[in-house]
Participant: 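Pasting in a structure now, in structure tokens, and then I'll have a few things to ask.
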Amino acid sequence: MSEPKELISAAAIAQMPWQEKTHLLNSNAVRLAKPLGAGKQKLGAQW
């Protein structure tokens, strides 16, 4: 089998800024996200 094609490299992800997302109903609920857009698909990494 062939290796899967990378949509975006780890180095490119590391250079992206984190975005702080606050919950719609609970302002104390905050998460960090790096939204990854790949064409029409939306991928996301959240911590």
Participant: Ignoring hydrogens, what is the shortest heavy-atom contact between Lys21 and Ala33? Give both atom names and the distance.
Facilitator: CG-CB, 4.2 Å
Participant: Just to verify, what does Asn26 make a side chain to side chain contact (heavy atoms under 4.5 Å, CB included) with, not counting sequence neighbours?
Facilitator: His23, Asn28, Ala29
Participant: If the condition is side chain to side chain contact (heavy atoms under 4.5 Å, CB included), which residues does Glu3 pass it with, not counting sequence neighbours?
Facilitator: none
Participant: Test of understanding: with side chain to side chain contact (heavy atoms under 4.5 Å, CB included), list the residues that count as partners of Ser27, not counting sequence neighbours.
Facilitator: Thr22
Participant: Leu32 and Glu20: which non-hydrogen atoms are nearest, and at how many Å?
Facilitator: CD2-CG, 4.1 Å
